[in-house]
Amino acid sequence: MSLQELSEQEILRRESLQKLRQLGIDPYPAALYPVDAFAAQIKDNFEDGKQVCLAGRMLSQRIMGKASFAEIQDASGRIQVYFNRDELCPTEDKTLYNEVFKKLLDLGDFLGVKGYVFKTQVGEISVHVTEFQLLSKSLRPLPLPKTDASGVVHDAFTDPELRYRQRYVDLVVNRQVKDVFIKRTKLFNAMRDFFNRAGYMEVETPILQAIPGGASARPFITHHNALDIPLYMRIANELYLKRLIVGGFDGVYEFSKNFRNEGMDRTHNPEFTAMEIYVAYKDYNWMMEFTEQLLEHCAMAVNGTTIATFGEHTIDFKAPYKRVTMRQAIIDFTGFDIHQKTEEELRSAAQSMGIEVDQSMGKGKLIDEIFGEKCEGNYIQPTFITDYPKEMSPLCKVHRDDSSLTERFELMVCGKEVANAYSELNDPIDQRERFEEQLKLQERGDDEAMFIDQDFLRALEYGMPPTSGLGIGMDRLIMYLTNNPSIQEVLFFPQMRPEIQSSKVQLNDTEGAILKMVQEQKQIELSTLRAAFDISNKLWDTSLKTLTKNQLVSVFKEQDTLIVKIVG
RNA sequence: GAUUCCGUAGCUCAGCUGGUAGAGCAAUACACUUUUAAUGUAUGGGCCCUGGGUUCGAAUCCCAGCGGAAUCACCA
């Protein structure tokens, strides 16, 4: 990168860097800095005169001649520090203060300071610096929001694109963003803690899978060179966890990064995190109780209360949660009873509710549409919706009282699914038939029907104990617990389109002339173009290569003739 | 995928019916020994997203593209 491409401020910071080196100051020292205090802790337990050593980024500087204030931000928060020229430079040489501190340090630099705690005349807890050291120089200016006396933030760094692409900057200047991710980690820790105390085991299963099973979704595909086979990024880990139950573990869980090659929006990212847990000898009734206990525990651990605010809604994760069968839910909101209705009856009922239907929809799909359209959005408080139609749930055990239903529940919060659980299907023959039905759906054109995993069926044939499994969308859950309506806000690095490098290409005269000629003709035969320039073969070759490399023109073959064409 | 809105200084944003590009913060220089959105004075900083078009003249109007956001559709 040439200096001309840098902004004025970046050039100045690079110059400061050089001046520091000339003064014998290493802007990137190697030695550890003996930090023994943190900003928040100093402010929470004020001890006048206490010696402290802390480090962090300098985010503001208020220079008043021979004395100055600055703010240092460490991992815990910010604290004001006080610099006094004649204390830092007791001799005639005032370079350290006048040059280094006042001129060569910039906002964003990492500083280590030693000093003692005191309160200023205005009463702000601060550190009186007796010694300071540059720990790392920052070469780019940070966006610096300011908060005024009434707490209003000015010049906030808010552009979502910049915030997501440069999350490191977002985290430095936006405290509330950091808090979201701290809560995210608290949630994971709380869940682990809950499961571990119950005696269940955290496990790891393959992310690269030969058969992407356990859910209905389009997978990412990749290739293993040594085996020369396609491999898929997992869309779910369910079938592997069940294999472990077959293997004799009582309870296994995994926080699973899953990958789905589908659309992105406010609630979907191509990679997302699910938690799945499988417990032997349990059913979905047990799992409902377990789930409500779990979520109450997690809400407390994250927010210190079971109450959470999400947009206009106030939700309470305190157990127990209401339980409503899907049949009852539909009766409640439409007056229509789906029990023992034929496909045709369901279709006309759906139609009369103003739902778009078509002939490819089976019973399960129709019921799902009615529920999704008329009921789902009404469940704001955590509610278990139970007993889903069989067609929707190929991995779930048939309901003990009604063979058209399955023992499945979903937990709805704010009208969206947060968790999904089954009494797991462990009858290998039934499971094979269900997979085969999926295959038929696939043949009918349903491109999201499940693949058949023969090895999983083999495992089931050896016998899997009755088991209940639960999956929780971790990203969605943390959205609710932190009042964030978009998944990008709870992922450190949400997927974005790649940044385009808008580096301007510098062309020499020959390259410019060639480009101009091609531009005039849109496309031109290579031989004609070559003949138009009286230059050496070598110059011709390098010029054309520069143009193609920078994707200004492309060369292609059409019936043995080489054509040069403008790109774009 | 459709529709709407947005893209101007390091950051946040003005910029009218087309006529030499603006503010605050940040930066630079000077002053200032307990300030706190520090203050005062002065100064510098722009491919106005990209490419076409209309025009004597485009940040502004039109078209296309790129990037982002929101709503909807699709998808769990």
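Nothing here was measured: the structure is a model prediction, and the numbers come from that model. Heavy atoms only: backbone and side chains are in, while hydrogens, waters and symmetry mates are out. Here is the naming used below: chain letters follow the sequence lines, and residue numbers restart at 1 for every chain.
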- Query: When all nucleic acid strands are considered with a 4.0 Å heavy-atom cut-off, which category describes A/Leu142: base, sugar-phosphate, or nothing?
  - Reply: nothing
- Task: Give a yes or no on whether a salt bridge exists between A/Lys137 and A/Asp106, defined as a side-chain N under 4.0 angstrom from a carboxylate O.
- Result: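 Result for this pair is yes, salt bridge flagged.
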- Can you tell me, in whole Å, how much space there is between the P of B/U17 and that of B/U60? 14 Å
- Message: When you measure only distances, ignoring hydrogens and angles, does the side chain of A/Gln80 come within 3.5 Å of the base of B/U35 through a donor and an acceptor?
- Response: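 Checked by distance alone, the answer is yes.
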- Item | Distance, C1' atom - from B/G44 to B/U4, rounded to whole angstrom | 40 Å
- Nucleotide of B/C30, B/A27, B/A38 approaching A/Lys103 most closely (side-chain heavy atoms): B/C30
- Task: Determine the contact category for A/Arg13: base if any of its heavy atoms lies under 4.0 Å from a base atom, sugar-phosphate if only primed atoms, P, OP1 or OP2 are that close, otherwise nothing.
- Result: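 Counting heavy atoms under 4.0 Å across all strands, no contact is made by A/Arg13.
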- Message: Can you identify which nucleotide, out of B/U34, B/G10, B/G67, has its nearest atom closest to the A/Glu161 side chain?
- Response: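 That would be B/G67.
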- For A/Leu144 and B/C13, what is the distance between atoms CG and P respectively, to the nearest whole Å? 15 Å
- Euclidean distance for P, B/A37 against B/G52 (whole angstrom):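 My reading of the P atoms in B/A37 and B/G52 gives 49 Å.
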- Query: Quantified in whole Å, what is the P atom distance between nucleotide B/G18 and nucleotide B/A23?
  - Reply: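 Their P atoms lie roughly 24 Å apart.
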- Message: Does A/Glu376 reach a base, just sugar-phosphate, or nothing at all? Heavy atoms under 4.0 Å.
- Response: base
- P spacing across the pair B/U34 / B/A29, given as an integer number of angstrom: 23 Å
- For the pair made of CG in A/Leu107 and P in B/A38, what is the distance, rounded to whole Å? 10 Å
- A/Leu162 side-chain proximity, nearest of B/U71, B/C11, B/U34: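 Output: B/C11.
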- Taking atom P in both B/A73 and B/G65, compute the distance separating them and give it to the nearest angstrom.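 Straight-line distance between the two P atoms is 25 Å.
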- Message: Suppose we call a contact any N or O donor and acceptor under 3.5 Å apart; does that hold for the side chain of A/Glu8 and the base of B/A27?
- Response: no
- Task: Please tell me which of the listed nucleotides, B/C11, B/U33, B/G10, lies nearest to the side chain of A/Ala67?
- Result: B/U33
- From the options B/A73, B/A27, B/A69, select the nucleotide whose nearest atom is closest to the side chain of A/Asp265. B/A73
- If you check the A/Phe157 side chain, which of B/A69, B/C11, B/U34 turns out closest? B/C11
- Message: Mind checking if A/Arg163 touches a base, just sugar-phosphate, or nothing, with heavy atoms under 4.0 Å?
- Response: nothing
- Item | Ring centroid separation A/Phe220 to A/Tyr232 under 6.0 Å | no
- Separation of the C1' atoms in B/C25 and B/G45, to the nearest angstrom: 14 Å
- Message: Closest approach to the side chain of A/Arg497, judged atom by atom: which nucleotide of B/G10, B/G67, B/U35 is it?
- Response: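 So the nucleotide nearest the side chain must be B/G67.
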- Message: So A/Asp159, base contact, sugar-phosphate only, or nothing? Heavy-atom distance under 4.0 Å.
- Response: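 Counting heavy atoms under 4.0 Å across all strands, the contact made by A/Asp159 is with sugar-phosphate only.
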- Do any N or O atoms from the side chain of A/Lys416 and from the backbone of A/Ile380 form a donor-acceptor pair under 3.5 angstrom?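 Absent.
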- Residues A/Lys103 and A/Asn98: closest non-hydrogen pair is CG-O, 3.6 Å
- Item | Nearest-Å distance once atom C1' is located in both B/U3 and B/U36 | 48 Å
- If you check every side-chain atom of A/Asp86, which of B/U71, B/U33, B/G10 has the closest atom? B/U33
- Can the ring centroids of A/Tyr284 and A/Phe384 be said to lie less than 6.0 angstrom from one another? no
- Message: Counting only side-chain heavy atoms from C-beta out, which of B/C75, B/C11, B/A27 sits nearest to A/Glu262?
- Response: B/C75
- Note on the structure: Checking B/G68, B/A27, B/A38 against the side chain of A/Met496 (C-beta onward), the nearest is B/G68
- Sugar-phosphate only, base, or nothing, as touched by A/Arg62 at under 4.0 Å among non-hydrogen atoms: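 If one applies the 4.0 Å heavy-atom cut-off, A/Arg62 turns out to touch a base.
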